[in-house]
Amino acid sequence: GRTWRQFNLRISCRIVFDPKLPNRVYALAGDAGTFRSDDRGHTWSLVYPDPATVVPPWFVDDEAEIYMQSGSGWLDSITALAIDPDDSDTLYAVARAELKFSKDAGKHWKTLATDAPASELFVDPTSPPNRRVFYTSNAGNITGVWDGAQYGGKHRVDGAPDCHGVAFGTPSAGGKPVMYTANDYIVKDGELKGGGIMASQDGGLTWRSLNEGFLKILAKDTYPEFASIGTSPNHAEVVYLSFEKVRLPNDPKGYYGVAK
């Protein structure tokens, strides 16, 4: 982050980094398609849909928003993407609530499950390469699990009405990977009832609260609003939170910031 430059992919997009190839990065541009760069963003190529099937796109509305089309019709945009930690050519994705995988870097896809909406997708790097386990998260507070053979989904995060971020990683000392969410707090009659910072180590089947350590450094009855949460893929014991409306003890000011 010391220096920045501008690049454009026609529309706002989400970035997914390859865990093995440092020069490779994917950009999910919604209805404008999914792109890949193999030179850290200097040049880009269309991955999805298959470039050989693309017909001239439509530019609509007053902002000329792009809609990509293939020979089979309108694009089912990819909403979540993950790269296998051991094989950069193996991709997992969700498009129109279908869980898919590709063994050739996105040229061909097969469907694993339907009715699996997701905005985030995480691969368990400790699972066997020939029977990968991965987790879906939809808006942060609804999760699902592909156990290597079948999909089970739509598990709600207990006490998480509105989620403002989800993060995933494996502890550096080993063990099960961890999924974190940052949610609105639920406070009734001045008492904390749920929400806030939560963690799961079984893909969202069960959750535990991580609020005590953070709240004890704040002023009494202060419940911050979160903007995002993050962790390192290989050091999940370290968590970062961005927040607003935080008050410290004996300080009437409200702060915006980042906590570690």
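All values below come from the heavy atoms of this structure, side chains included, with hydrogens, waters and symmetry mates left out.
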Tell me if a side-chain donor or acceptor on T79 pairs with a main-chain N or O of A118 at a distance below 3.5 Å.
yes
Is there a side-chain contact between D87 and P129, using heavy atoms and a 4.5 Å cut-off?
no
On a heavy-atom basis, the closest approach of D76 and Y48 is O-OH, 2.8 Å
Backbone N/O of V238 and side chain of T231: donor-acceptor pair under 3.5 Å
yes
Contact check, side chains of P171 and V178, non-hydrogen atoms, under 4.5 Å
yes
Check whether any side-chain N or O of D189 sits under 3.5 Å from a backbone N or O of E191 as a donor-acceptor pair, and report yes or no.
no
I'd like to know if the side chain of S102 reaches the main chain of L91, judged simply by a donor and an acceptor atom lying under 3.5 Å from each other, with no hydrogens or angles considered.
no
Donor + acceptor pair across side chains of N234, S232 (<3.5 Å):
no
Please report the closest heavy-atom contact between A93 and L81, naming both atoms and the distance.
CB-CD1, 3.9 Å
State plainly whether the residues D89 and K107 are in salt-bridge range, i.e. N to O under 4.0 Å.
no
Any side-chain heavy atom of L21 sitting closer than 4.5 Å to one from P19?
no
Give the minimum heavy-atom separation between T170 and G175, together with the two atoms involved.
CG2-O, 3.8 Å
Of the options T181, N183, D184, which is the one that meets H164 in a side chain to side chain donor-acceptor pair (under 3.5 Å)?
D184
Under 4.0 Å between a Lys/Arg side-chain N and an Asp/Glu carboxylate O for E98 and K110?
no
Are S37 and V25 close enough, and set up right, to give a side chain to side chain contact (heavy atoms under 4.5 Å, CB included), and what steps lead you there?
CA-CA 5 Å; S37 171; V25 57; 3.8 Å; yes
I'd like to know whether the aromatic ring centres of F226 and Y185 sit less than 6.0 Å apart in this structure.
yes
Please evaluate residues Y135 and M179 with respect to the criterion side chain to side chain contact (heavy atoms under 4.5 Å, CB included), reporting the C-alpha separation (whole Å), side-chain torsions for both, the decisive distance (0.1 Å), and the verdict.
CA-CA 9 Å; Y135 309 108; M179 185 185 298; 3.6 Å; yes
So, D18 side chain and R24 main chain: donor-acceptor pair closer than 3.5 Å or not?
no
Do I229 and Y240 make a side-chain contact, defined as non-hydrogen atoms from C-beta onward lying under 4.5 Å apart?
no
Do E225 side-chain atoms and K245 backbone N/O form a donor-acceptor pair below 3.5 Å?
no
Establish, yes or no, whether a centroid distance under 6.0 Å links the rings of F122 and F134.
no
For I83 and V123, work out which heavy atoms get closest and say how close.
O-CG2, 4.2 Å
Pick from T90, D86, D147, D124: which one makes a side chain to side chain donor-acceptor pair (under 3.5 Å) with R132?
D86
